[in-house]
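In what follows, a single structure is set out as structure tokens and then discussed.
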Amino acid sequence: MKTLIAKELQLVLHPATVVFVALGLLVLIPSWPYTVILFYACLSVFFNTLNARETHDMDYTFPLPVSRSDMVSARVLVVVGVEVVLVAVMFLVSLARPVLGMSDFVVVGMPLNLAFFGFAFVIFALFNAVFFPLYYRDTMKVGFPFLVACVPTVVVGLALEVAPHVVPLFRDCLAAAGSECLVAKAIVLAVGIAVFIGATMVTLRVSQKVFSRVDM
């Protein structure tokens, strides 16, 4: 598994992925819809799988003494790692904003609090759960799974940005700045992480099952 993950990082991971992760620095921009930043991680999945197709990664990997399940696991785990790193970058940079004198931002939608990051994990879980089972039906077709996975991801992302403006309870608690409703926000974060972990496990199993039936 370690060898496959190393192969994914060295041969499949598109250089643009580093740029997409670095775009977590956009949290320093005032009045920015921060949910949009999460989409860059989803876009990196498209670039990586497209890169794998164009470099004939499957032709290289299949002769190796590895199982199809491990092939799926390595790719999904690398994607999960990129998503976690992006969230970590956003979180750490958001902590630096008060130090840089940027704490009084005008927020467009959902502010960068614990609840936001909990919802971020849910969005990634949703994208992965839709994308990978479709992708492993035919690894030569990347665009269709990506577009289908983007539909619910964009819908949830937009709902997250709109909710603070139209749902009073959401606005006054989960979208509140500072330490207000800290317990509720922490619960959302914990639930989001749990959903992300659980969904990743289910996505792995379903994708492995789908890929095992594909005639290569």
Side-chain angles (χ1 to χ4, degrees), residues 1-24 37-91 117 120-153 156 192-216:
M1 179 60 69
K2 291 182 179 180
T3 303
L4 279 175
I5 291 178
K7 186 269 295 181
E8 291 289 318
L9 293 173
Q10 295 174 21
L11 301 180
V12 176
L13 199 70
H14 196 279
T17 302
V18 178
V19 177
F20 290 140
V21 170
L23 289 176
I37 301 174
L38 304 177
F39 182 73
Y40 294 129
C42 300
L43 189 58
S44 74
V45 179
F46 173 76
F47 274 81
N48 292 335
T49 49
L50 184 64
N51 186 49
R53 185 188 73 183
E54 298 305 314
T55 57
H56 304 283
D57 177 73
M58 288 299 174
D59 295 337
Y60 167 77
T61 308
F62 262 99
L64 300 177
V66 296
S67 67
R68 291 193 180 196
S69 294
D70 287 344
M71 292 166 62
V72 173
S73 296
R75 184 152 299 172
V76 173
L77 290 176
V78 168
V79 167
V80 167
V82 170
E83 293 166 346
V84 171
V85 170
L86 176 60
V87 171
V89 169
M90 294 177 67
F91 176 73
F117 293 110
F121 281 115
V122 172
I123 289 175
F124 286 145
L126 178 61
F127 177 86
N128 296 341
V130 175
F131 176 83
F132 283 108
L134 291 176
Y135 167 69
Y136 278 108
R137 290 181 180 180
D138 186 351
T139 56
M140 298 300 291
K141 297 179 180 179
V142 178
F144 177 73
F146 177 72
L147 290 176
V148 174
C150 281
V151 172
T153 304
V156 173
I193 293 174
V195 169
F196 183 68
I197 294 173
T200 298
M201 296 174 63
V202 173
T203 300
L204 274 173
R205 293 179 182 176
V206 174
S207 300
Q208 289 167 346
K209 187 175 182 180
V210 169
F211 196 46
S212 67
R213 295 176 178 176
V214 174
D215 184 7
M216 300 297 290

[X] to [Y] - nearest heavy-atom pair and separation:
{"X": "V72", "Y": "S207", "result": "CG1-CB, 3.7 Å"}
{"X": "T139", "Y": "F211", "result": "CG2-CE1, 4.2 Å"}
{"X": "G192", "Y": "V122", "result": "CA-CG2, 3.9 Å"}
{"X": "A199", "Y": "A125", "result": "CB-CB, 3.6 Å"}
{"X": "G24", "Y": "I37", "result": "CA-CG2, 4.0 Å"}
{"X": "T153", "Y": "C42", "result": "CG2-SG, 4.3 Å"}

Residue list, ring pair (Phe, Tyr, Trp, His ring centres under 6.0 Å) with [X], at least two apart or on another chain:
{"X": "Y40", "result": "none"}
{"X": "F132", "result": "none"}
{"X": "F117", "result": "F91"}
{"X": "F121", "result": "F196"}

| query | For the atom pair OG1 (T3) and CD (Q10), what is the distance rounded to the nearest 0.5 Å? | reply | 10.0 Å

| query | Measuring from C150:SG to F131:CZ, what's the distance to the nearest 0.5 Å? | reply | 9.0 Å

| query | Are the side chain of T49 and the backbone N or O of F46 linked by a donor-acceptor pair below 3.5 Å? | reply |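 The answer is yes, because a donor-acceptor pair under 3.5 Å joins these two groups.
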
Going by side-chain contact (heavy atoms from CB on, under 4.5 Å), name the residues that satisfy it together with [X], two or more places apart in sequence or in a different chain.
{"X": "V66", "answer": "L4, T61, L64, M71"}
{"X": "A16", "answer": "H14, F20, F47"}
{"X": "V130", "answer": "L126, L134, V148, A149, P152"}

Exercise answer: donor-acceptor pairs, residues 74-85 side-chain atoms, under 3.5 Å, sequence neighbours excluded:
unit_1: R75; atom_1: NE; unit_2: E8; atom_2: OE1; d: 3.0
unit_1: R75; atom_1: NE; unit_2: E8; atom_2: OE2; d: 3.4
unit_1: R75; atom_1: NH1; unit_2: Y135; atom_2: OH; d: 2.8
unit_1: R75; atom_1: NH2; unit_2: E8; atom_2: OE2; d: 3.0
unit_1: R75; atom_1: NH2; unit_2: D57; atom_2: OD2; d: 2.6
unit_1: E83; atom_1: OE1; unit_2: N128; atom_2: ND2; d: 2.9
unit_1: E83; atom_1: OE2; unit_2: N128; atom_2: ND2; d: 3.3

For [X], enumerate each residue passing the side chain to side chain donor-acceptor pair (under 3.5 Å) test, keeping only those at least two apart in sequence or located in another chain.
{"X": "S73", "answer": "Q208"}
{"X": "S67", "answer": "D70"}
{"X": "T17", "answer": "N48"}

| message | Classify the ring geometry of F146 against F39: parallel below 30°, tilted from 30° to 60°, perpendicular beyond 60°. | response |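 F146 vs F39 ring planes: tilted.
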
| task | Could you name each residue pair satisfying salt bridge (Lys or Arg N to Asp or Glu O under 4.0 Å) that touches residues 131-144, not counting sequence neighbours? | result | none

